[in-house]
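Data first, discussion second: the structure below is written as structure tokens.
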Amino acid sequence: MLFGLNHSLKARVMKKKINWNAMLPKHIAIMMDGNGRWATQRGLPRTAGHFAGMKTMKNTIRFCKKNNVEYLTLYAFSTENWKRPRSEVDYIISLINEFVTDDTLDDLNRNNIRINFIGDISRFSLETQNMMNNAAALTKSNTDMIVNFAVNYGGRNEIVHAMKLFLKDGSHELSEEEFERFLYTSECPYPELIIRTSGEKRLSGFLLWQSAMSELWFTDEMWPSFNEYLFYKAIYEFQCRKQYA
Ligand code: IPE
Ligand code: IPE
Ligand code: MG
């Protein structure tokens, strides 16, 4: 029925279907997958897909903020992604470096958004680590939304890392509550909704502990094609599921 209507109209129609007074996800986590295929389908190099994906990511942060999402976790680079060709890895890291420079930081600060890096960032160059730490420090007091940027992130890696910290601390008996204080996401509630683009239906190591009760929502669209309409659709379907939960 909506065929032929432009995207913003489609988005507005979908937005109206949501009950904004009922349960909404406070924490949304997104697996931004399909950049490479998006580019290949267009006869472009995979790097062009990553470039387009970065634009989509910035746009997504904007409309999540506009719609009062309090926590947004974005899977940008996994512990497994080092196995890709060096040139692709370098390009993705250069995009991440660019993301944590002044322009984006100004934007985040203007919008009262705090950025955190989750994952083992020690594997990146010192320069990249400094930029990440700097971005986290400069946005630390922003209070409207927390964006967790998952880089060199793997759920098993996170659990082992947390367990090491727990053992080192040594002051409490092991329980779920005591253990999860050491996860990278300890300041955030669990994600109520996890979105994966590109038609793949795996967690690929994403938030293994935190996803225990999350609703999972998949779309066949590649990440660069993700948009506000799909965001509202995910929230709408999340609410439909919750009505019968
Ligand atoms: C997601 O897109 C971005 C990263 C994993 C860095 P992909 O690069 O995985 O794209 P596909 O899945 O190969 O199409
Ligand atoms: C998952 O995507 C990680 C990110 C979105 C960054 P991948 O494309 O790396 O995962 P697999 O290889 O399909 O499991
Ligand atoms: Mg992929």
Side-chain angles (χ1 to χ4, degrees), residues 27-61 64 69 71-100 104 115-125 128-129 131-132 135 147-161 183-185 188 191 193-211 214-227 230-231 234:
H27 183 174
I28 298 179
I30 308 184
M31 307 180 68
M32 308 183 289
D33 197 16
N35 291 347
R37 277 166 285 166
W38 179 91
T40 307
Q41 286 163 1
R42 286 161 178 75
L44 299 168
R46 290 176 60 86
T47 47
H50 295 308
F51 183 80
M54 183 53 85
K55 276 218 261 193
T56 300
M57 191 188 88
K58 289 182 184 172
N59 210 19
T60 302
I61 294 175
C64 283
V69 173
Y71 306 88
L72 177 65
T73 299
L74 300 167
Y75 205 2
F77 192 84
S78 79
T79 48
E80 306 306 303
N81 289 152
W82 296 101
K83 294 178 191 147
R84 295 188 179 197
R86 183 77 226 183
S87 57
E88 185 178 344
V89 169
D90 284 348
Y91 185 76
I92 295 170
I93 294 175
S94 77
L95 284 177
I96 296 173
N97 283 343
E98 212 177 280
F99 177 68
V100 285
T104 320
I115 186 161
N116 269 335
F117 290 85
I118 66 168
D120 176 10
I121 69 165
S122 71
R123 178 129 184 219
F124 296 104
S125 72
T128 297
Q129 288 181 50
M131 284 161 92
M132 290 174 178
V147 174
N148 294 312
F149 204 56
V151 285
N152 190 24
Y153 176 89
R156 290 182 187 154
N157 174 283
E158 178 184 35
I159 290 170
V160 171
H161 174 258
L183 293 173
Y184 292 125
T185 56
C188 307
L193 174 62
I194 297 180
I195 293 173
R196 183 169 190 161
T197 55
S198 90
E200 305 301 339
K201 297 183 177 70
R202 294 185 285 287
L203 279 177
S204 301
F206 195 37
L207 303 175
L208 294 183
W209 178 283
Q210 300 88 333
S211 64
S214 307
E215 293 293 335
L216 308 180
W217 190 84
F218 303 103
T219 170
D220 286 339
E221 292 292 339
M222 302 298 155
W223 174 249
S225 307
F226 189 74
N227 55 37
L230 291 169
F231 167 80

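For the numbers below, each heavy atom of this structure counts, side chains included, while hydrogens, waters and symmetry mates do not. As the structure lists them, so they are numbered: ligands from 1, and atoms in each ligand from 1.
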| Centroid-to-centroid, F149 to F99, below 6.0 Å? | yes
| task | Would you mind listing which atoms of ligand 1 come within a distance below 4.0 Å of any non-hydrogen atom of H50? | result | 3 (C), 8 (O)
Hey, what polar pairs (N/O, under 3.5 Å) does ligand 2 make with protein?
from: ligand 2; atom 1: 8 (O); to: D33; atom 2: OD1; distance (Å): 3.1
from: ligand 2; atom 1: 8 (O); to: R84; atom 2: NH2; distance (Å): 3.3
from: ligand 2; atom 1: 9 (O); to: N81; atom 2: ND2; distance (Å): 2.8
from: ligand 2; atom 1: 9 (O); to: R84; atom 2: NH2; distance (Å): 3.4
from: ligand 2; atom 1: 10 (O); to: R196; atom 2: NH2; distance (Å): 3.4
from: ligand 2; atom 1: 13 (O); to: R196; atom 2: NH2; distance (Å): 3.2
from: ligand 2; atom 1: 13 (O); to: R202; atom 2: NH2; distance (Å): 2.6
from: ligand 2; atom 1: 14 (O); to: R202; atom 2: NE; distance (Å): 3.2
from: ligand 2; atom 1: 14 (O); to: S204; atom 2: OG; distance (Å): 2.6

| So, K83 and E88, do they make that salt bridge, N to O below 4.0 Å? | no
| Among pairs that include at least one residue of residues 78-98, which meet ring pair (Phe, Tyr, Trp, His ring centres under 6.0 Å), considering only residues two or more places apart or in two chains? | F77-W82, W82-F124
| Does the side-chain contact (heavy atoms from CB on, under 4.5 Å) test come out yes or no for M31 and E200, once each step is laid out? | CA-CA 10 Å; M31 307 180 68; E200 305 301 339; over 6 Å; no
| Sub-4.5 Å side-chain heavy-atom contact between Y75 and L207 | no
| message | Could you check whether any heavy atom of M222 sits closer than 4.0 Å to an atom of ligand 1, since that is the contact criterion I want to use? | response | no
| Test item: Y71 and I28 side chains (from C-beta on) under 4.5 Å apart, heavy atoms | no
| note | CG (N81) and OG (S204) are apart, to the nearest 0.5 Å, by 9.0 Å
| said: Whether the side chain of S214 engages the backbone of L216 through a donor-acceptor N/O pair (distance < 3.5 Å, no angle test) should be reported. | reply: no
| request: Could you grab the protein N, O or S atoms closer than 2.8 Å to the Mg ion (ligand 3) for me? | output: D33 OD1
| remark: By side chain to side chain donor-acceptor pair (under 3.5 Å), T56 pairs with (sequence neighbours left out) none
| Rounded to the nearest 0.5 Å, what separation is found between the CD1 atom of I93 and the CZ atom of R86? | 6.0 Å
